[in-house]
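Computed from a prediction, not measured in an experiment: that's the story for all the values here. Position 1 is the first residue of the sequence; numbering continues from there.
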Amino acid sequence: MINKTNKENVIILGSGPAGLTAGIYLARAGFKPLLIEGMQPGGWLTTTSLVENYPGFDKDIEGVELMMKMKKQAEKYGCQVVSDVAKKVDISKKGLIKVSGLNKEYSAQALIISTGTNPRKLGINGEEKLWGRGVAICATCDGALYQNKKVIIIGGGNTAFNNALFLTKFASEVKILNRNDQYRVEKETLDEVITNKKIKIIPFAEIKEFLGSEKLEKVIIFNNKTKIEEKIDVDGVFLSIGHTPNTKLFKNQLDLTKKGYIKIIEPWSTKTSQNNVFACGDVMDYKYQQAVISAGTGCMAALDAQKYLDSIK
């Protein structure tokens, strides 16, 4: 049985840096937002062992701890955080948002979407066990942890090659593994990678297994052309095979980009194709995917939503 709640000023979907920042700003402005945490409370930052690049922390902080601090701050000012998952969202009725949770239905005058993305994974042995302990997705977030260490990049696109170049600032050795010999890379970037002595490109290569007890220690590499397997030592592996934005709930209700991200209709805005729906964080940011940028767009979404709510009073 679905239990109904009162109509809120604004509902926020997602509890990562974007959603919680939106919650802080709206709560301090007196709008008492309702934030639905989703399936990954705290967002993907909670899977990061150490965060070194978030402003305001001169010492390393665990991703989980950082998100707990954000949540506590949002609740302090009156943001209602509920442990639930949105199963259906209806924005078809003008001026009214309906969100169906697991056992409860919510409604609001405005909606902020900060549902983020899911990184594409390899789905192999050891990946989940060693996630955040040597297996990661964000080279710009965690690269400094691999000073003078050996790392591997998985992927054959611009992101993978740019990540490899970035990691040469820290790592002693960077290998790029791709399952074929086709690379979707700009010529200038490709030339820079080829001439960098720290980087080695290995085509027709796939990781079959991640090995390690407390942290990543080795990987098994399979050459799908020669059919030869090899076990090598490695300190870190970064997956650069893309993300899938969590926008399934909004298909045919909001305009999406070709890659499936929520389309923002105005520059320097979080406005979507519906005037009472706003999007922030990775779900609308296909390019940067950084916690601090997500937080910034969360602030923008809160201010945009506040302006909308003021206009309809």
Exercise: identify the closest heavy-atom pair between [X] and [Y]:
{"X": "P33", "Y": "G23", "answer": "CG-O, 3.8 Å"}
{"X": "D282", "Y": "S294", "answer": "OD1-OG, 3.3 Å"}
{"X": "T46", "Y": "P41", "answer": "CG2-O, 3.5 Å"}
{"X": "V85", "Y": "I36", "answer": "N-CG2, 4.1 Å"}
{"X": "V185", "Y": "G156", "answer": "CG2-O, 3.7 Å"}
{"X": "H243", "Y": "T117", "answer": "CD2-OG1, 3.4 Å"}

Should [X] and [Y] count as side-chain neighbours, where that means a heavy-atom distance under 4.5 Å?
{"X": "I232", "Y": "I221", "answer": "yes"}
{"X": "L20", "Y": "M67", "answer": "yes"}
{"X": "K32", "Y": "E8", "answer": "no"}
{"X": "I202", "Y": "I176", "answer": "no"}
{"X": "F250", "Y": "V89", "answer": "yes"}
{"X": "N223", "Y": "E230", "answer": "no"}
{"X": "C138", "Y": "Q290", "answer": "yes"}
{"X": "L211", "Y": "V219", "answer": "no"}

Spacing of [atom1] belonging to [X] relative to [atom2] belonging to [Y], to within rounding of 0.5 Å:
{"X": "E173", "Y": "I152", "atom1": "CD", "atom2": "CD1", "result": "8.5 Å"}
{"X": "I11", "Y": "K98", "atom1": "CD1", "atom2": "NZ", "result": "11.5 Å"}
{"X": "E37", "Y": "L35", "atom1": "CD", "atom2": "CG", "result": "7.0 Å"}
{"X": "N180", "Y": "N224", "atom1": "CG", "atom2": "CG", "result": "8.0 Å"}
{"X": "T21", "Y": "I12", "atom1": "OG1", "atom2": "CD1", "result": "9.5 Å"}
{"X": "K231", "Y": "K208", "atom1": "NZ", "atom2": "NZ", "result": "15.5 Å"}

Verify whether one side chain among [X] and [Y] offers a donor that lies under 3.5 Å from an acceptor in the other.
{"X": "T270", "Y": "D304", "result": "yes"}
{"X": "D84", "Y": "Y106", "result": "yes"}
{"X": "N148", "Y": "S172", "result": "no"}

Would you sort out whether K218 and D233 count as a salt bridge (charged side-chain N to carboxylate O under 4.0 Å, His left out), showing the intermediate values?
CA-CA 4 Å; K218 300 175 184 291; D233 295 331; 2.3 Å; yes
I153 and side-chain contact (heavy atoms from CB on, under 4.5 Å): which single residue from I201, I241, L167, T159 fits?
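Of the listed options, the one satisfying the test is L167.
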Hydrophobic cluster identity match, [X] and [Y], side-chain contacts under 4.5 Å:
{"X": "F278", "Y": "F31", "answer": "yes"}
{"X": "I137", "Y": "V237", "answer": "yes"}
{"X": "I220", "Y": "F222", "answer": "no"}
{"X": "V151", "Y": "I199", "answer": "yes"}
{"X": "I194", "Y": "V174", "answer": "yes"}

Tell me whether [X] contacts the main-chain N or O of [Y] through its side chain, where contact means a donor paired with an acceptor under 3.5 Å.
{"X": "S15", "Y": "G42", "value": "yes"}
{"X": "D255", "Y": "S273", "value": "no"}
{"X": "Q289", "Y": "D285", "value": "yes"}
{"X": "R133", "Y": "L216", "value": "no"}
{"X": "N162", "Y": "N158", "value": "yes"}
{"X": "S100", "Y": "K87", "value": "no"}

Could you walk me through whether Y146 and F238 satisfy the ring pair (Phe, Tyr, Trp, His ring centres under 6.0 Å) test, starting with their C-alpha distance in whole Å, then the side-chain angles of each, then the deciding distance to 0.1 Å, before giving a yes or no?
CA-CA 11 Å; Y146 294 91; F238 291 89; 5.6 Å; yes
Between V51 and E62, does the side-chain contact (heavy atoms from CB on, under 4.5 Å) criterion hold? Intermediate values first, please.
CA-CA 6 Å; V51 178; E62 294 278 347; over 6 Å; no
More than 12 foreign heavy atoms under 6.0 Å from [atom1] of [X]: is that the case here?
{"X": "Q80", "atom1": "CD", "value": "yes"}
{"X": "Y183", "atom1": "OH", "value": "yes"}
{"X": "Y286", "atom1": "OH", "value": "no"}
{"X": "Y288", "atom1": "OH", "value": "no"}
{"X": "K198", "atom1": "NZ", "value": "yes"}
{"X": "Q147", "atom1": "CD", "value": "yes"}

I'd like to know whether M284 forms a side-chain contact (heavy atoms from CB on, under 4.5 Å) with Y261, so could you lay out the CA-CA distance, the side-chain angles of the two residues, the decisive distance to 0.1 Å, and finally the verdict.
CA-CA 5 Å; M284 50 76 81; Y261 291 83; 5.7 Å; no
Between I24 and R28, does the side-chain contact (heavy atoms from CB on, under 4.5 Å) criterion hold? Intermediate values first, please.
CA-CA 6 Å; I24 291 167; R28 290 188 71 252; 4.2 Å; yes
Any chance you could lay out the side-chain contact (heavy atoms from CB on, under 4.5 Å) test for L13 and I112, step after step, and finish with the verdict?
CA-CA 6 Å; L13 297 182; I112 292 178; over 6 Å; no
Stepwise salt bridge (charged side-chain N to carboxylate O under 4.0 Å, His left out) test for E128 and K121
CA-CA 9 Å; E128 294 301 327; K121 296 184 178 182; 2.9 Å; yes
Step by step, would you call E127 with K129 a salt bridge (charged side-chain N to carboxylate O under 4.0 Å, His left out)?
CA-CA 6 Å; E127 187 173 39; K129 174 187 173 183; over 6 Å; no
